[in-house]
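In what follows, a single structure is set out as structure tokens and then discussed.
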Amino acid sequence: MTNFLSVIISLSSLILLITAKDASNTMDILMPDARAEHVDDYLCTAFKMNENQATYITAFNPSATSKDAHHILLFGCSEPGSDDEIWNCGEMSHTNDHSKQKYRNGPTCKSGTTIIYAWALDADKTELPKDVAFKVGGSTSIKHLVLQVHYANLEKFEAGETDRSGLVLTTSPKPTPKRAGVFLLLTGGYINEHTEEVFEVACEIEQDIVMHPFAFRTHAHKLGLVNSGYRVRGDGDDQEWTEIGRRSPQLPQMFYPTENDVTIKQGDRVAAVCTMFNSQSHTVEIGSTGNDEMCNFYMMYWVDGDHLLEDDVCTSAGPPSYYFAHDRSLNIDKIPADAFRIPPPPNGPAPGEPVQGGHHMMMQHKTKPHRRYYRQQYVF
């Protein structure tokens, strides 16, 4: 009888151990009562990961509102940009007298920068597919998570409040067979007043890798109409452009599932285009403030095993210095016509629901545009 009870107790302990090992946990990645002092402050705070055991992130639950945070980025760093609890990690220089600033300046990361997640416009929770996770800590190069919050509204701070915006991560110590990564495409450039413009960027995948995109995110500011991303395979007349994702950046900016089953491998190119309309009476440049613009397309992907894309950011100078036609490896006649058009819901506004005034709705419902190439620019 004693031996039987011992066996039962041992089995119960083993079950509890396995259950604990497989259980999901949550990790709060929140600003520690930050206080922004200027419109367009970028503030960062760091969280040290367990170096003895890897952590697997399987979901991102925002704990923020667009009233407080213009957008939030989560980075993986080998070294954070500062040892301070909070530091100013933006590109803006608000004053020549840095002694008047509440937080000292520093980069987001001192070394080993990797983008993990991005959020804006009250987007909802993002859950990764089964058996897919971001691996951080342990033997990885990601020793810290760094939360960056862009503040564009100072009302709560002027009222004496502080901010705890951020993310609640779902994590597990259990390894997953597929590892998640993010590939970011972005441009520089500018758009003239009363003009429609395209911001284009493309890069060849030179690494021996097979990526499986499963989600995408678009980001622009007030002038963005639609951001589109593509896998480009082949050359010349045999070239194919396959859509990864297309969405109005004026809608909630979380990661949305891709609609096409796309695989990206060595030799393929990844391209993105942002279509914008500037109804203002002045030129708007790509930049970091809310009055500037951004053309960003994020592609979340998984790979078998642990080897992610090493060169995970693709950039171009943007208009007027760069267009797809400047790249002889790209056949612009193969670009899908709807690349420059706002999609129907859920990736575009519902009929009767303009996002950027009437121009958005006109773009959404107009017939297929006649597009010609003139002086290296698309004319609609």
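Predicted, not measured: the structure shown is a model, and the values here were computed from it.
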Problem set entry | Heavy-atom pair of closest approach, residues C109 and F75 | SG-CB, 4.3 Å

Exercise. Minimum heavy-atom separation for P80 to A46, with atom names?
Worked result: CB-CB, 3.8 Å

Exercise. Can you name the residues that form a ring pair (Phe, Tyr, Trp, His ring centres under 6.0 Å) with Y151, not counting sequence neighbours?
Worked result: F157

Problem set entry | Distance-only polar pair, side chains of T258 and N260, donor-acceptor under 3.5 Å | no

For this session: Spell out, as yes or no, whether a donor-acceptor pair under 3.5 Å connects the side chain of S66 to the backbone of L121.
Result: no

Exercise. Between S288 and Y42, which heavy-atom pair has the shortest distance, and what is it?
Worked result: O-OH, 2.6 Å

Exercise. Quick one: does V273's side chain get under 4.5 Å of F324's, heavy atoms only?
Worked result: yes

Exercise. Is there a side-chain contact between E293 and C295, using heavy atoms and a 4.5 Å cut-off?
Worked result: no

For this session: With sequence neighbours left out, write down each residue that passes ring pair (Phe, Tyr, Trp, His ring centres under 6.0 Å) with F183, or none if nothing qualifies.
Result: none

Exercise. Do the non-hydrogen side-chain atoms of W302 and M211 ever get within less than 4.5 Å of each other?
Worked result: no

For this session: Hey, can you tell me if H71 and H219 have their rings parallel, tilted or perpendicular (30° and 60° cut-offs)?
Result: perpendicular

Exercise. Looking at Y117, Y301, F60, which hits ring pair (Phe, Tyr, Trp, His ring centres under 6.0 Å) with F134?
Worked result: F60

Exercise. Around H194, counting heavy atoms of other residues, nucleotides and ligands shown, do more than 12 lie under 6.0 Å from its NE2?
Worked result: yes

Exercise. Between W241 and E243, is any side-chain donor less than 3.5 angstrom from a side-chain acceptor?
Worked result: no

For this session: Check whether any side-chain heavy atom of V136 sits under 4.5 Å from a side-chain heavy atom of L145, and report yes or no.
Result: yes

For this session: Would you mind reporting whether I264 and V210 have side-chain heavy atoms less than 4.5 Å apart?
Result: no

Problem set entry | Flag for H282-E193: side-chain donor and acceptor within less than 3.5 Å | no

Exercise. Any sub-3.5 Å donor-acceptor pair from E85's side-chain atoms to P32's backbone N or O?
Worked result: no

Problem set entry | Flag for R217-Y256: side-chain donor and acceptor within less than 3.5 Å | no

For this session: Taking only Lys NZ, Arg NE, NH1 and NH2, and the carboxylate oxygens of Asp or Glu, determine whether D131 and K178 approach each other closer than 4.0 Å.
Result: no

Exercise. Is it true that D41 and K102 make a salt bridge, defined as a side-chain N closer than 4.0 Å to a carboxylate O?
Worked result: no

For this session: Look at the side chain of E51 and the backbone N and O of T140, then say whether any donor-acceptor pair between them is shorter than 3.5 Å.
Result: no

Problem set entry | Single-linkage hydrophobic cluster, 4.5 Å side-chain cutoff, M27 and I57 together | yes

For this session: Could you tell me whether the side chain of M294 reaches within less than 4.5 Å of the side chain of T187, counting heavy atoms only?
Result: no

Problem set entry | Residues, nucleotides or ligands: over 12 heavy atoms within 6.0 Å of E161 CD | yes

Exercise. Is there a side-chain contact between V198 and F340, using heavy atoms and a 4.5 Å cut-off?
Worked result: yes

Exercise. Hey, are T162 and D33 close enough side-chain-wise for a donor-acceptor pair under 3.5 Å?
Worked result: yes

For this session: Assess the side chains of S82 and R104: does a donor N or O sit below 3.5 Å from an acceptor N or O?
Result: no

Exercise. Would a line drawn from the ring center of Y230 to the ring center of F297 be shorter than 6.0 Å?
Worked result: no

Exercise. So, D327 versus S329: side-chain donor-acceptor pair below 3.5 Å or not?
Worked result: yes

Problem set entry | Donor on one side chain, acceptor on other, H150 and D40, under 3.5 Å | yes

For this session: Would you check if the side chain of R341 reaches a backbone N or O of V226 as a donor-acceptor pair within less than 3.5 Å?
Result: no

Problem set entry | Considering all heavy atoms, the nearest G166-I72 contact | N-CD1, 4.0 Å

Problem set entry | Main-chain N/O of E310 paired with Q207 side-chain donor or acceptor, under 3.5 Å | yes

Problem set entry | Residues K156, E158: salt bridge by 4.0 Å N-O rule | no

Exercise. Quick check: are there more than 12 heavy atoms from other residues, nucleotides or ligands sitting under 6.0 Å from NZ of K130?
Worked result: no

For this session: May I ask you to decide if D237's main-chain N or O and K334's side chain share a donor-acceptor pair within less than 3.5 Å?
Result: yes

For this session: Using atom types as modelled and distance alone, determine if a side-chain donor or acceptor of H326 lies under 3.5 Å from a backbone N or O of S321.
Result: yes

Problem set entry | Nearest non-hydrogen partners of T195 and I191, listed with the distance | O-CD1, 3.3 Å

Exercise. Heavy-atom count around D261 CG within 6.0 Å, excluding the residue itself: above 12?
Worked result: no

Exercise. Sub-3.5 Å donor-acceptor pair from the side chain of S316 to the main-chain atoms of E200, do we have one?
Worked result: yes

Problem set entry | Donor-acceptor pair, side chain of Q148 and main chain of L73, under 3.5 angstrom | no

Exercise. Is a side-chain N or O of R269 found less than 3.5 angstrom from the main chain of E204, in a donor-acceptor match?
Worked result: no

For this session: Report yes if some heavy atom in the side chain of R246 is under 4.5 Å from a heavy atom in the side chain of N227; otherwise report no.
Result: no

Problem set entry | All ring pair (Phe, Tyr, Trp, His ring centres under 6.0 Å) counterparts of Y298, not counting sequence neighbours | none

Problem set entry | Minimum-distance pair of heavy atoms, taken over all atoms of T171 and T26 | OG1-N, 4.4 Å

